[in-house]
Number of protein chains: 2
Amino acid sequence: MSAPSHGWPTDETPLSAELLPDRVAAMLSRRISEGAIAPGTRLPTEQKLAALFGVSRNVVREAVARLRADGLVDARQGVGSFVLAPERRLAIRIDAAALGGEGMAQLFELRAILETEAARLAATRRTEADLERIGAALERMRGEERWEEGSIDADLVFHREIAAATGNAFIETFVSFICERIRGSIRHARAINPIADLVEVNLGEHDRIYAALRAAAPDEAEAAMRAHLVGAAARVGVTLKR
Amino acid sequence: MSAPSHGWPTDETPLSAELLPDRVAAMLSRRISEGAIAPGTRLPTEQKLAALFGVSRNVVREAVARLRADGLVDARQGVGSFVLAPERRLAIRIDAAALGGEGMAQLFELRAILETEAARLAATRRTEADLERIGAALERMRGEERWEEGSIDADLVFHREIAAATGNAFIETFVSFICERIRGSIRHARAINPIADLVEVNLGEHDRIYAALRAAAPDEAEAAMRAHLVGAAARVGVTLKR
DNA sequence: ACCTCCATGTTGTAGGATGATGCGATCACA
DNA sequence: TGTGATCGCATCATCCTACAACATGGAGGT
């Protein structure tokens, strides 16, 4: 039983400071998403998993609960836990580890795709109420001198409101998710690269977007958003292609 | 202590057949995302939460573990669990409930935005190995007569491989997530609207995409992908604008 | 052959005990 | 009085045992 024949635990993941349930969940999750455990298959019982990983059943339960929350498995009382088919997975996560350097550039690329198109759609679909909310965020940005907490927050709201103005709930969700992830990583960059005096540049870019939205000009909105994102990327040391 | 003065549990959510940890997690999650519990605030201790909800600490732990996995709270040993600021959330979920009618149309719109751009990028970045994988998926589709399990699966792989060919891991993740969600809902539609003989149409559309990718023609790839998605949407009773 | 009932295995929940950790208060000392 | 180290304590992390809820399959009776 101690042999690695089953290929189960064999402690991969050099076990950092992560908690036990996280590690167990990560291992199981990888096995499943790699297809090493076919959909429909029953997982080993919680007791066996506990024995295999050398942890208590409680830890295994927390791990399985997480897999269930992500829609990877379906635990049926009295029967067992079964791996679900991929189409039932309903969560997507981006771990902070993937956000260094290359990851940041890729995330900006994805952001550009979504937001330029969002700006285009918003230009034709926005209501007066939408414009009002977007304008309010703009004013909040204008109030600040430096590019710090308050204005960064207003920036986020600005982008999110534009996404919301498309009337597409999914676009809003995805855009605001990506923006928040990026913003979280900006703080670090800010300490390294002082960009305080770039507020005016930033504001100018936002103004152009807002004007285009108000004018209901899709092409201009898209172009302005693209220009803004290229600038924003550059300001955090990322070059955005196209 | 039994008073509702604190405004905590007072059992909202008419408690369906959901499990206890799910219910507790859902309640806490709603409080947090609604802003009823400000970021930085410390949650009640696990014991108090257990008492408030009338469940065991074990259940509370599973609920809190889920919140932590979603990045909503940060539990520090010996101190407590604290609500995190929104920018640290690292999970996004789409619940199946939102996918009826309007939701489906919106999801297709988002898909179109991502995949048309993905096709454009893939056209210039794809390697020979990418083309091989995409072609293999195409062949698997061609083998099937009807539009059923096997070919639907191959269809998914086809789209995912194109997204992967962009070299952008996030694009791949998001696209495959969306495709899988859509596919899950297709099954139902298929029973209603027999589209078996549309295989050839579908295949033709895919062929055009593949040819454009092989020819490294971005504009054609984008156009072919857009045409395909418009068709695919129509086949499930959704009209895609633009 | 069919139906009923029970033994068994599994997940779900409860409740306690113990270790690890970080914070704050207390106390000793200058 | 001020300063620093030490200790207690609250809290999470993990482990353990036990029982309840539930599903399945087989034994046994009709």
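We name chains A, B, ... by the order of the sequence lines, and we start the count at 1 in each one.
Think of the region where chain B sits on DNA chain C: with heavy atoms and a 4.0 Å cut, that region ends 5' and 3' at C:dG12 to C:dG22. Taking a heavy-atom distance under 4.0 Å as the criterion, the stretch of DNA chain D touched by chain A extends 5' to 3' from D:dA13 to D:dA23.
Residues B:Q77 and A:R57 each lie close to DNA chain D; by heavy-atom proximity, the contact nearer the 5' end of the strand is made by B:Q77.
At least one donor-acceptor pair closer than 3.5 Å links the side chain of B:Q106 to the backbone N or O of A:A169. Side-chain atoms of B:E180 never come within 3.5 Å of backbone atoms of B:V175 as a donor-acceptor pair (strictly under, hydrogens ignored).
Scanning for side chain to side chain donor-acceptor pair (under 3.5 Å) contacts around A:E115 gives A:R111, A:H159, with sequence neighbours left out. Every residue meeting the salt bridge (charged side-chain N to carboxylate O under 4.0 Å, His left out) condition with B:R66, not counting sequence neighbours, appears here in chain and number order: B:D22. Not counting sequence neighbours, the partners of A:R57 by the side chain to side chain donor-acceptor pair (under 3.5 Å) test are A:E46.
Using a 4.5 Å cut-off on side-chain heavy atoms (C-beta onward), B:V157 and B:R140 make contact. Considering only heavy atoms from C-beta on, B:L72 stays 4.5 Å or farther from B:V83 through its side chain.
A:V55 comes within 4.0 angstrom of sugar-phosphate atoms only, judged by non-hydrogen atoms across all strands, and of no base. Nucleic acid contact for A:R76: sugar-phosphate only, since backbone atoms but no base atoms lie under 4.0 Å from a heavy atom of the residue.
For residues 161-172 of chain B, every residue pair satisfying the salt bridge (charged side-chain N to carboxylate O under 4.0 Å, His left out) rule, not counting sequence neighbours, is listed here: B:R133-B:E161.
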